[in-house]
Q: 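Shown below is the structure under consideration.
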Amino acid sequence: MRIARFSIDGNVAFGAVEGHDAPGDEGGLVLDIIKGIPYGDFELSGTKVPLSKVRLLPPVLPNKVVAIGRNYAEHAAELGHEVPDTPVAFFKPTTSVIGSGDAIEYPSFSTELHHEAELAVVIGRMCREVPRERVKDVVLGYTCANDVTARDVQRRENQWARAKGFDTSCPLGPWVETDLDPADVTIQCTVNGEQRQLGRTSDMVRSVEDLVVHITEAMTLLPGDVILTGTPAGVGPLNVGDEVAVTIEGIGTLTNKVIKRG
């Protein structure tokens with residue numbers, strides 16, 4: 001099931017996305033509005049609205065986004081780093097989250113903005129110290145993410161809070177896919193239609209299961225929290241006016257345009 005969060009006539013709701021769409025063509029899709037929120041058991045209302053009539057929002061509003069760095073060996077190498085012995089984790093704040101179609105605002109303190117296409121794990125229930133065999137039980141589903149990074153700031157500062165946590169630096173969407181095996185799917189990033197990144201989740205150094213176990217050893221995850229699983233090689237620059245799209249096999253496409261911060 002694909003679960004979207006959207007607004008219509010000033011109201012915000014979740015809905016199950018129904019229908020089949022060609023890449024970039026969502027005209028035939030409809031949303032069956034969900035009663036309540038999609039954590040735990042829920043029902044569909046039977047009330048349907050065309051996707052073309054709503055504004056898609058970030059599919060979840062996470063309490064926290066836990067991101068993992070250098071989880072693809074080729075990406076670590078392209079930045080001149082070794083694969084770390086343990087996962088490198090950092091946070092992106094809730095204020096960094098935007099949805100598909102929203103604008104990425106080029107930060108005024110950077111001159112080198114990069115895209116990073118990633119598979120995002122959406123947590124479906126409160127959990128801590130999750131054993132490997134229970135990981136599937138705590139995951140709601142998966143969505144596309146772009147870990148937008150001020151690369152020059154990342155290089156010159158000892159921690160990554162500003163480089164990766166600025167407003168609009170965490171596009172998520174377009175929806176959450178609950179029926180996906182994340183072990184081996186394609187991740188692609190294009191900028192203005194030109195392919196920049198192309199990889200597979202099977203190339204991750206540490207799997208989704210590894211990451212959930214590692215993170216929940218230290219902290220409680222809440223429903224709607226998000227884990228970013230790292231980016232494949234091919235990261236590169238974004239400029240004002242660019243349109244960047246992250247496509248993940250079995251999920252869909254997350255699209256955002258870069259604008260000057262006003």
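Computed from a predicted structure; not experimentally measured.
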Q: Does atom CZ of Arg261 have more than 12 heavy-atom neighbours, drawn from other residues, nucleotides or ligands, at distances under 6.0 Å?
A: yes
Q: Are the side chains of Arg132 and Asp210 in contact, using a 4.5 Å heavy-atom criterion?
A: yes
Q: Hydrophobic clustering (ILVMFWY, side-chain heavy atoms < 4.5 Å, transitive) - are Phe90 and Ile227 grouped together?
A: no
Q: Are any non-hydrogen side-chain atoms of Met204 and Tyr72 less than 4.5 angstrom apart?
A: yes
Q: Hey, is the main chain of His114 close enough, under 3.5 Å, to the side chain of Thr149 for a donor-acceptor pair?
A: no
Q: Can you tell whether the side chains of Lys35 and Glu43 come within less than 4.0 Å, N to carboxylate O?
A: yes
Q: Does any part of the side chain of Ile248, heavy atoms only, come nearer than 4.5 Å to the side chain of Glu177, both counted from C-beta?
A: no
Q: Using the rule given for side chain to side chain contact (heavy atoms under 4.5 Å, CB included), can you reason through Asn71 versus Val205, listing the C-alpha separation, both sets of side-chain angles and the distance that settles it, and then say yes or no?
A: CA-CA 5 Å; Asn71 199 31; Val205 177; 3.5 Å; yes
Q: Would you call Met1 and Asp179 a side-chain contact if the rule is heavy atoms closer than 4.5 Å?
A: no
Q: Between Ile3 and Pro59, is there a side-chain heavy-atom distance shorter than 4.5 Å?
A: no
Q: Any ion pair linking Lys164 and Glu157 (charged N to carboxylate O, less than 4.0 Å)?
A: no
Q: Is any side-chain heavy atom of Val66 closer than 4.5 Å to one of Asp225?
A: no
Q: Are Phe91 and Val97 connected, step by step, through hydrophobic side chains (Ile, Leu, Val, Met, Phe, Trp, Tyr) whose heavy atoms are closer than 4.5 Å?
A: no
Q: Check the side chains of Thr111 and Asp152 for a donor-acceptor pair under 3.5 angstrom, ignoring hydrogens and angles.
A: yes
Q: Salt-bridge test for Lys136 and Asp181: reply yes if a basic N is under 4.0 Å from a carboxylate O, no otherwise.
A: no
Q: Do Arg200 and Thr186 pair up side chain to side chain, a donor and an acceptor below 3.5 Å, judged on atom types alone?
A: yes
Q: Do Thr255 and Glu243 have side-chain heavy atoms sitting under 4.5 Å apart?
A: yes
Q: Do side-chain atoms of Thr47 reach the backbone of Ile33 as a donor and acceptor pair under 3.5 angstrom?
A: no
Q: Does a side chain donor of either His115 or Arg196 reach within less than 3.5 Å of an acceptor in the other side chain?
A: yes
Q: Kindly check if the number of other-residue, nucleotide or ligand heavy atoms within 6.0 Å of CE (Met126) is above 12?
A: no
Q: Indicate, with yes or no, if Leu31 and Ile251 share a hydrophobic cluster defined by side-chain heavy-atom contacts under 4.5 Å among Ile, Leu, Val, Met, Phe, Trp and Tyr.
A: yes
